[in-house]
Visitor: 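First the structure, which I've put down as structure tokens, then a few questions once you've had a look.
Each ligand, and each atom within it, is numbered from 1 in the order the structure gives. This is a predicted model, so every value here is computed, not measured.
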Amino acid sequence: MRTVTTRAALTTALAQLPRPVGLVPTMGALHDGHAALVTAARAEQASVVLSIYVNPRQFGNPADLAAYPRTLEADAQRAAAAGVDLLFLPDDSEIYPPAVEVATMEPGPLALRLEGAARPGHFAGVATVVSILFDLVAPEVAYFGEKDAQQVRVVEWLAERRTPPIRIRRVATVREGDGLAMSSRNARLSPAARRAASAIPQALAAVKSLHANGERRVDLLNDAAIRTIGAEPSLTLDYIDLADDVTLLPLGASAHLSDAASGRVLVSIAASIEGVRLIDAITLRA
Ligand code: PAF
């Protein structure tokens with residue numbers, strides 16, 4: 001694996017890589033979820049580029065940015081072991097060159113609700129950095145995890161509008177033994193909070209199990225998730241949301257899953273514990 005830190009070195013290294021290229025954009029603190037993205041890219045593309053850049057523009061809260069885990073040495077080892085060909089480790093001045101006014105990218109209508117509402121400016125920051133990485137690497141395909149379901153839809157929206165368009169490949173969420181979705185943020189949880197956080201996948205499992213038994217009423221599916229999260233007092237629920245999986249338009253309390261025009265429903269949860277915000281999502285057939 002080769003490592004580059006500048007735009008110029010990246011361009012030179014890319015010219016030597018066989019196409020097609022798969023890009024795995026990350027903010028580091030790599031875990032098995034990232035490894036699954038690399039494994040998919042490795043199997044499908046001739047070359048795999050992984051970027052690590054903790055993007056300040058997508059953090060509204062400076063404390064959250066400062067607390068974001070940075071584990072570069074371990075990340076480089078993990079990236080090499082997973083099969084990355086080229087590791088891109090830019091600093092702020094490579095992504096946002098001081099002499100250039102980098103325009104903020106419009107993240108589009110899919111960014112308005114859920115995380116977009118809870119974290120104003122977050123998706124504009126994601127869209128901006130992802131667009132810059134797409135410009136710099138020009139991958140044929142970019143790989144994103146389904147845990148960040150809304151991010152995947154926002155990036156798909158962005159990628160479809162590019163010329164040539166970049167294909168976005170979704171990769172299934174990787175979970176811990178108790179179901180908690182892998183996330184770089186999990187490392188910030190105390191053992192007690194870590195145990196309590198498993199109520200999030202349990203809430204999604206409760207929805208899934210009701211759905212498997214034929215339940216299609218949004219209010220009842222919603223209530224099952226709220227009850228499961230409510231049983232864990234240290235968790236603060238921000239939202240449980242059922243929406244069309246494509247448009248991300250919400251299904252109201254009196255709706256039925258069949259009201260989702262795409263035929264698929266995204267069930268998303270956001271909850272906080274010890275000041276750490278965790279998100280998770282599953283999709284269901286309408
Ligand atoms: O999902 C992430 O790690 C980040 O939001 C991304 C896509 C790398 C952009 O900074």
Visitor: Need the ligand 1 atom indices (1-based, order shown) with element for anything under 4.0 Å from a heavy-atom of T26.
Guide: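 In order of number, 8 (C).
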Visitor: If the cut-off is 4.0 Å to any non-hydrogen atom of V129, which atoms of ligand 1 fall inside it?
Guide: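 Going through ligand 1 atom by atom, the ones under 4.0 Å from V129 are 9 (C), 10 (O).
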Visitor: Between side-chain atoms of residues 249-256 and protein atoms elsewhere (two or more places apart, or another chain), which donor-acceptor pairs fall under 3.5 Å?
Guide:
residue: H256; atom: ND1; partner: S258; partner atom: N; Å: 3.3
residue: H256; atom: ND1; partner: S258; partner atom: OG; Å: 2.8

Visitor: State the atoms of ligand 1, each with its element, that fall below the 4.0 Å cut-off from a heavy-atom position in F144.
Guide: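 Going through ligand 1 atom by atom, the ones under 4.0 Å from F144 are 7 (C).
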Visitor: Please identify which of these residues, R162, R167, R169, R19, meets the salt bridge (Lys or Arg N to Asp or Glu O under 4.0 Å) condition with E140.
Guide: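 Running salt bridge (Lys or Arg N to Asp or Glu O under 4.0 Å) over R162, R167, R169, R19 with E140 returns exactly one hit, R19.
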Visitor: Quick one: do R170 and E156 make a salt bridge, cutoff under 4.0 Å?
Guide: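 Counted as a salt bridge, because a side-chain N and a carboxylate O are separated by less than 4.0 Å.
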Visitor: Can you find an N or O of Q58 that's nearer than 3.5 Å to an N or O of ligand 1?
Guide: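 N/O-N/O distance under 3.5 Å: yes.
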Visitor: With a heavy-atom distance limit of 4.0 Å, tell me whether V155 approaches ligand 1 through its side chain, its backbone, both, or neither.
Guide: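 The answer is neither; V155 stays 4.0 Å or more away.
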Visitor: Table please: side-chain donor-acceptor pairs of residues 217-227 below 3.5 Å, with sequence neighbours left out.
Guide:
residue: R217; atom: NE; partner: E215; partner atom: OE2; Å: 2.9
residue: R217; atom: NH2; partner: E215; partner atom: OE1; Å: 3.0

Visitor: Heavy atoms only: which of K147, Q151, M27 is nearest to atom 5 (O) of ligand 1?
Guide: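 Selected option, by shortest heavy-atom distance: Q151.
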Visitor: So, for A159 and F134, which heavy atoms are closest and what is the spacing to 0.1 Å?
Guide: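 Closest approach of A159 to F134: CB-CE1, 4.3 Å.
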